[in-house]
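Sequence lines set the chain letters: A, B, ... in the order given, protein chains first and strands last, and positions in each chain run from 1. What you see is a predicted model, and the numbers here were worked out from it, not measured in a lab.
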Amino acid sequence: MPELPEVETIARSLRPELIGRTILAAEVRWPRTVASPSVRGFKERVQGQVIQQVGRRAKFLHIQLSSSNLLIHLRMSGDLQIRSAQSRPEKHDRLILHLSAPSSQATAPASPIDLAFNDTRKFGRVWLTADIHEVLGNLGPEPLSRAFTPQRFHDALRAHRRQLKPLLLDQTFLAGLGNIYTDEALHLAKLHPLAPTHDVTARQAWRLHTAIRLILREGIRRNGASIDWVYRGGDFQNHFRVYGRLGQPCPVCGTAIRRLVVGQRGTHVCPKCQRV
DNA sequence: CACGTCACCTGCGTGC
DNA sequence: TGCACGCAGGTGACGT
């Protein structure tokens with residue numbers, strides 16, 4: 001499920017539930033889920049730490065602990081779920097953190113809970129690190145931050161000779177866009193996913209900059225998109241302009257949406273609104 | 001540096 | 001019903 005708006009939605013919903021709780025134990029049910037350190041080191045070092053803050057950087061969930069950081073990437077099918085303590089693990093639970101009742105000043109219910117990392121396809125990963133830079137260091141700018149300006153965006157686009165969509169998906173270029181929100185933003189900006197980045201004009205860059213931020217904010221406002229069997233309660237999927245709408249009318253001009261493949265990813269465009 | 005291909009995984013929808 | 005196939009919100013390691 002997870003692009004920036006979905007991860008942001010999850011971070012916001014987990015924050016009041018998790019802050020102030022102590023990690024009593026980690027139950028690793030699929031060892032490769034733990035990217036670093038070793039499973040053994042992870043279990044030892046995570047135990048006893050108190051959750052201080054829950055945030056997001058790009059598509060990473062950032063759980064700040066008393067003396068380290070837990071970074072979680074949900075990849076394609078990951079999800080984080082609050083369970084009642086010691087409930088039976090579900091089929092695709094890859095990691096379960098057993099948490100204490102929160103400290104007295106916290107607002108969440110005063111009973112222990114489990115935090116389950118459920119991930120059908122097993123692509124998701126977690127890291128435990130004192131220095132988040134080790135994991136997040138190569139990420140590009142956060143698209144909703146003040147540092148991401150139209151001018152810098154235009155300069156950065158022109159510094160590459162690539163197709164537009166693959167560059168937007170490159171997390172070292174811009175951090176947080178995925179397949180859905182990229183297609184949506186390109187359509188809103190009336191730009192073709194295969195357009196060469198080197199030729200993007202200042203005006204087009206400004207349009208795309210605005211479109212990216214608008215689409216991401218709308219995604220967050222709608223609590224993300226919920227597709228297929230992974231449901232999180234968001235409803236942005238009901239407002240897609242092009243994504244997954246092959247053959248259906250473009251919301252702007254009515255032309256049938258087409259599907260092409262760009263960089264191995266299914267890509268949706270309006271052939272009339274978006275020209276190369 | 002840019003781009004293509006494959007790998008990592010499971011499950012769902014489609015068509016025969 | 002069974003089975004093959006294509007598809008899926010992500011990323012990283014290769015090779016050319």
Side-chain angles (χ1 to χ4, degrees), chain A residues 1-11 29-36 56-61 71-80 90-95 117-127 134-140 143 156-186 193-199 212 215-216 218-220 222-247 259-268:
Chain A
M1 357 166 346
E3 297 181 39
L4 188 155
E6 287 75 29
V7 180
E8 179 65 29
T9 299
I10 293 172
R29 303 173 58 83
W30 179 256
R32 297 188 65 173
T33 298
V34 180
S36 168
R56 175 194 62 77
R57 168 73 169 109
K59 301 174 195 172
F60 288 82
L61 205 86
L71 295 166
I72 302 175
H73 199 304
L74 304 170
R75 295 281 174 92
M76 290 289 267
S77 58
D79 193 9
L80 287 165
E90 293 189 7
K91 187 174 179 187
H92 301 113
D93 287 351
R94 308 306 181 193
L95 169 69
F117 180 26
N118 187 277
D119 182 21
T120 308
R121 293 176 72 181
K122 300 179 175 172
F123 292 161
R125 294 290 182 266
V126 305
W127 295 257
E134 285 176 7
V135 181
L136 309 179
N138 291 326
L139 289 173
L157 285 171
R158 298 213 46 182
H160 293 267
R161 284 191 173 273
R162 294 184 66 179
Q163 298 168 335
L164 202 39
K165 177 167 174 179
L167 187 58
L168 293 175
L169 287 174
D170 183 340
Q171 301 295 297
T172 67
F173 178 78
L174 184 63
L177 286 182
N179 207 35
I180 293 178
Y181 292 88
T182 301
D183 280 7
E184 295 297 299
L186 285 170
L194 294 174
T197 57
H198 198 68
D199 299 339
I212 288 169
I215 289 291
L216 290 176
E218 187 186 359
I220 293 171
R222 298 190 182 281
N223 297 316
S226 314
I227 310 181
D228 297 340
W229 70 98
V230 187
Y231 180 72
R232 288 264 348 156
D235 76 330
F236 189 52
Q237 71 281 5
N238 299 324
H239 303 270
F240 287 163
R241 308 163 64 88
V242 286
Y243 184 85
R245 298 191 61 243
L246 173 64
R259 180 183 184 277
L260 49 151
V261 176
V262 180
Q264 327 290 103
R265 312 297 303 276
T267 298
H268 307 80

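With hydrogens and angles disregarded, no donor-acceptor distance shorter than 3.5 Å links the side chain of Arg161(A) to the backbone of Arg158(A). A donor-acceptor contact shorter than 3.5 Å is absent between the side chain of Gln163(A) and the backbone of Val262(A). No donor-acceptor pair under 3.5 Å is formed between the side chain of Asp93(A) and the backbone N or O of Phe117(A).
Using a cutoff of 4.0 Å between basic side-chain nitrogens and carboxylate oxygens, Asp183(A) and Arg241(A) are not scored as salt-bridged.
dA13(C) and dC9(B) have their P atoms separated by 15 Å, given to the nearest Å. Across dT5(B) and dC7(C), the matching P atoms stand 14 Å from one another, rounded to whole Å.
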Dot-bracket encoding per residue of DNA chain B, Watson-Crick/G-U cut-off under 3.5 Å, | denoting interstrand: .|||||||.|||||||
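In this structure, the CZ atom of Arg161(A) is 15 Å from the C1' atom of dC3(B), given to the nearest Å. In this structure, the CG atom of Asp170(A) is 11 Å from the C1' atom of dA2(B), given to the nearest Å. Nucleotide dT10(B) holds its C1' atom 17 Å from the CD1 atom of Ile227(A), rounded to whole Å. Whole-Å rounding puts the Gln264(A) CD to dG6(C) C1' distance at 14 Å. In this entry the distance linking CG of Asp235(A) with C1' of dG9(C) reads 16 Å, nearest Å. As a whole-Å value, the separation of His92(A) NE2 from dT10(B) C1' is 6 Å.
Contact annotation for Gly266(A): backbone-only contact, meaning every heavy-atom pair under 4.0 Å involves sugar-phosphate atoms and none involves a base.
Exactly one residue among Ile212(A), Leu168(A), Ile215(A) makes a side-chain contact (heavy atoms from CB on, under 4.5 Å) with Pro143(A). That residue is Ile212(A). Each of Glu6(A), Glu8(A), Glu3(A) was compared with Arg56(A) under the salt bridge (Lys or Arg N to Asp or Glu O under 4.0 Å) criterion, and only Glu8(A) meets it.
Phe236(A) and Tyr181(A) have their aromatic ring centers within a separation under 6.0 angstrom. Close placement of the His160(A) and Phe173(A) rings is indicated, their centers lying within 6.0 Å of each other.
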Write out a two-atom table: protein N or O, nucleotide N or O from nucleotides 10-14 of chain C, distance below 3.5 Å.
| unit_1 | atom_1 | unit_2 | atom_2 | d |
| --- | --- | --- | --- | --- |
| dG10(C) | OP1 | Lys59(A) | NZ | 2.9 |
| dG10(C) | OP2 | Asn179(A) | N | 3.2 |
| dG10(C) | OP2 | Arg265(A) | NH1 | 3.2 |
| dG10(C) | OP2 | Arg265(A) | NH2 | 2.3 |
| dT11(C) | OP1 | His73(A) | NE2 | 2.8 |
| dT11(C) | OP2 | Lys59(A) | NZ | 2.8 |

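In this model, the phosphate group of dG9(C) is approached by a side-chain N or O of Tyr243(A) to a distance below 4.0 Å at OP1 or OP2. Phosphate contact (OP1/OP2 of dG11(B), side-chain N/O of Lys91(A), threshold under 4.0 Å): present.
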